[in-house]
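See structure below.
Everything quoted here is computed from the prediction, not taken from an experiment.
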Amino acid sequence: MKKTLLLAALATACSAQANIVQPAPLVSIPTHDAFFNNLKALCGQAFAGKLAVDNPPAPGFEGALIMHVRRCTDTELQIPFHVGDNHSRTWIITKTGSGLSLKHDHRNKDGSHDDQTMYGGHTVDAGWPTAQSFPADQYSKELFAARGIPQSIGNTWQMFIHPQQFSYRLVREGREFRVDFDLTKPVALPPTPWGYAD
């Protein structure tokens with residue numbers, strides 16, 4: 001009888017232990033979650049933008065500017081940024097468990113990776129549900145140094161989302177760039193970005 005009770009107790013203990021075996025949680029804070037969810041709510045839509053600030057002026061942003069919130073999961077958003085017939089850029093925003101990461105996936109026309117790709121940054125503070133900043137991460141700093149553009153080491157990318165407008169901004173000493181997208185008028189979906197498939 002005692003042996004049976006002991007075996008039953010062990011079985012119950014093992015069963016209880018098995019019930020709490022689970023992967024480590026991907027933790028997040030409310031402002032990061034709210035910002036992510038505000039962007040995710042636009043999933044499947046595309047919006048036209050205009051160059052609001054380009055100081056000093058730099059070439060490469062001629063033509064229609066379109067952002068497309070193309071693919072969304074609970075932890076990642078893929079947002080291609082189309083510039084005219086150039087479909088090389090995709091912003092990737094990821095929940096990391098210690099904040100939000102912004103990466104720039106740059107591709108060549110054949111889909112291969114550009115020599116300068118996956119640069120970006122990571123949040124270092126709470127930010128706001130409508131705004132987050134991404135100072136350049138170490139990978140990006142080393143990439144920029146290796147590519148001979150050390151001025152970009154000081155890059156901070158910012159994203160702002162409001163009911164009527166989304167803004168993408170780059171700032172560093174001596175440089176500011178911002179594109180504003182009109183969220184009130186979705187536009188026709190652009191082509192699949194280079195290096196991706198539907």
Side-chain angles (χ1 to χ4, degrees), residues 31-32 34-36 38-40 42 45-70 77-94 96 99-107 114-187 190 193-194:
T31 49
H32 292 161
F35 177 83
F36 187 94
N38 285 337
L39 262 179
K40 188 178 179 184
L42 302 176
Q45 299 181 79
F47 306 94
K50 62 180 181 179
L51 196 56
V53 181
D54 188 19
N55 185 26
F61 290 91
E62 299 78 24
L65 306 177
I66 305 289
M67 66 173 280
H68 178 196
V69 187
R70 184 170 180 270
L77 307 175
Q78 295 178 3
I79 307 174
F81 173 37
H82 302 266
V83 180
D85 293 328
N86 185 321
H87 311 295
S88 65
R89 303 170 176 87
T90 298
W91 303 322
I92 300 176
I93 300 168
T94 308
T96 66
L100 297 173
S101 165
L102 167 65
K103 288 292 186 176
H104 299 74
D105 184 0
H106 279 216
R107 304 293 183 104
D114 190 88
D115 290 338
Q116 187 169 300
T117 191
M118 296 310 286
Y119 61 85
H122 198 282
T123 54
V124 294
D125 57 25
W128 291 270
T130 55
Q132 292 292 334
S133 293
F134 306 88
D137 58 25
Q138 192 61 33
Y139 165 80
S140 303
K141 292 176 182 180
E142 295 189 21
L143 176 67
F144 295 147
R147 299 283 296 161
I149 47 172
Q151 65 273 22
S152 294
I153 289 172
N155 281 4
T156 294
W157 296 271
Q158 297 174 323
M159 289 182 165
F160 305 85
I161 181 165
H162 297 285
Q164 297 187 336
Q165 181 173 291
F166 172 85
S167 297
Y168 167 91
R169 182 177 185 234
L170 162 68
V171 289
R172 66 170 179 259
E173 186 175 352
R175 174 75 171 137
E176 180 180 4
F177 173 86
R178 193 181 89 233
V179 181
D180 295 334
F181 297 88
D182 183 356
L183 300 183
T184 68
K185 299 175 184 175
V187 298
W194 298 342

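Put simply, CG on Asn55 and CD on Glu176 are 7.0 Å apart, with the number rounded to the nearest 0.5 Å. We find the CG-CD distance between Leu65 and Glu62 to be 9.5 Å, quoted to the nearest 0.5 Å. The line from NE2 of His32 to CG of Leu100 is 5.0 Å long, rounded to the nearest 0.5 Å. To the nearest 0.5 angstrom, Thr90 atom OG1 is 12.5 Å from Leu77 atom CG. With rounding to the nearest 0.5 Å, the separation of CZ in Phe47 from CG in Leu42 is 4.5 Å.
With Ser140 contributing its side chain and Gly120 its backbone, the two residues share a donor-acceptor pair below 3.5 Å. A donor-acceptor pair under 3.5 Å is absent between the side-chain atoms of Ser167 and the main chain of Phe160, judged by distance alone. A distance-only check finds no donor-acceptor pair linking the side chain of Asp105 to the backbone of Ile92 [under 3.5 Å]. Arg169 places no side-chain N or O within 3.5 Å of a backbone atom of Phe177 that could act as its donor or acceptor partner.
With a 4.5 Å cut-off on side-chain heavy atoms, Met118 and Lys103 count as touching. For the pair Gln132 and Leu102, the minimum side-chain heavy-atom distance is 4.5 Å or more. Proximity of Pro135 to Val124: side-chain heavy atoms (C-beta onward) are separated by under 4.5 Å at one or more points. By the 4.5 Å heavy-atom criterion applied to side chains, Thr31 and Trp128 are not counted as neighbours.
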Next on the checklist: Checking Arg178 against Asp180 for the salt bridge (charged side-chain N to carboxylate O under 4.0 Å, His left out) test, could you report, in this order, the C-alpha distance in whole Å, the side-chain angles of both residues, the deciding distance, and whether it holds?
Outcome noted: CA-CA 7 Å; Arg178 193 181 89 233; Asp180 295 334; 2.8 Å; yes
Next on the checklist: Checking Thr156 against Gln158 for the side chain to side chain donor-acceptor pair (under 3.5 Å) test, could you report, in this order, the C-alpha distance in whole Å, the side-chain angles of both residues, the deciding distance, and whether it holds?
Outcome noted: CA-CA 7 Å; Thr156 294; Gln158 297 174 323; over 6 Å; no
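The aromatic rings of His104 and Trp157 sit tilted relative to each other, their planes meeting at an angle between 30° and 60°. Ring geometry for Phe181 against Phe81 counts as perpendicular: the plane angle is over 60°, on a 0 to 90° scale with 30° as the lower cut.
Between Tyr119 and the options Phe144, Trp91, Tyr139, a ring pair (Phe, Tyr, Trp, His ring centres under 6.0 Å) holds for only Phe144. Paired with Val179 under the rule side chain to side chain contact (heavy atoms under 4.5 Å, CB included), one option of Leu51, Asp54, Val53 passes, and it is Leu51.
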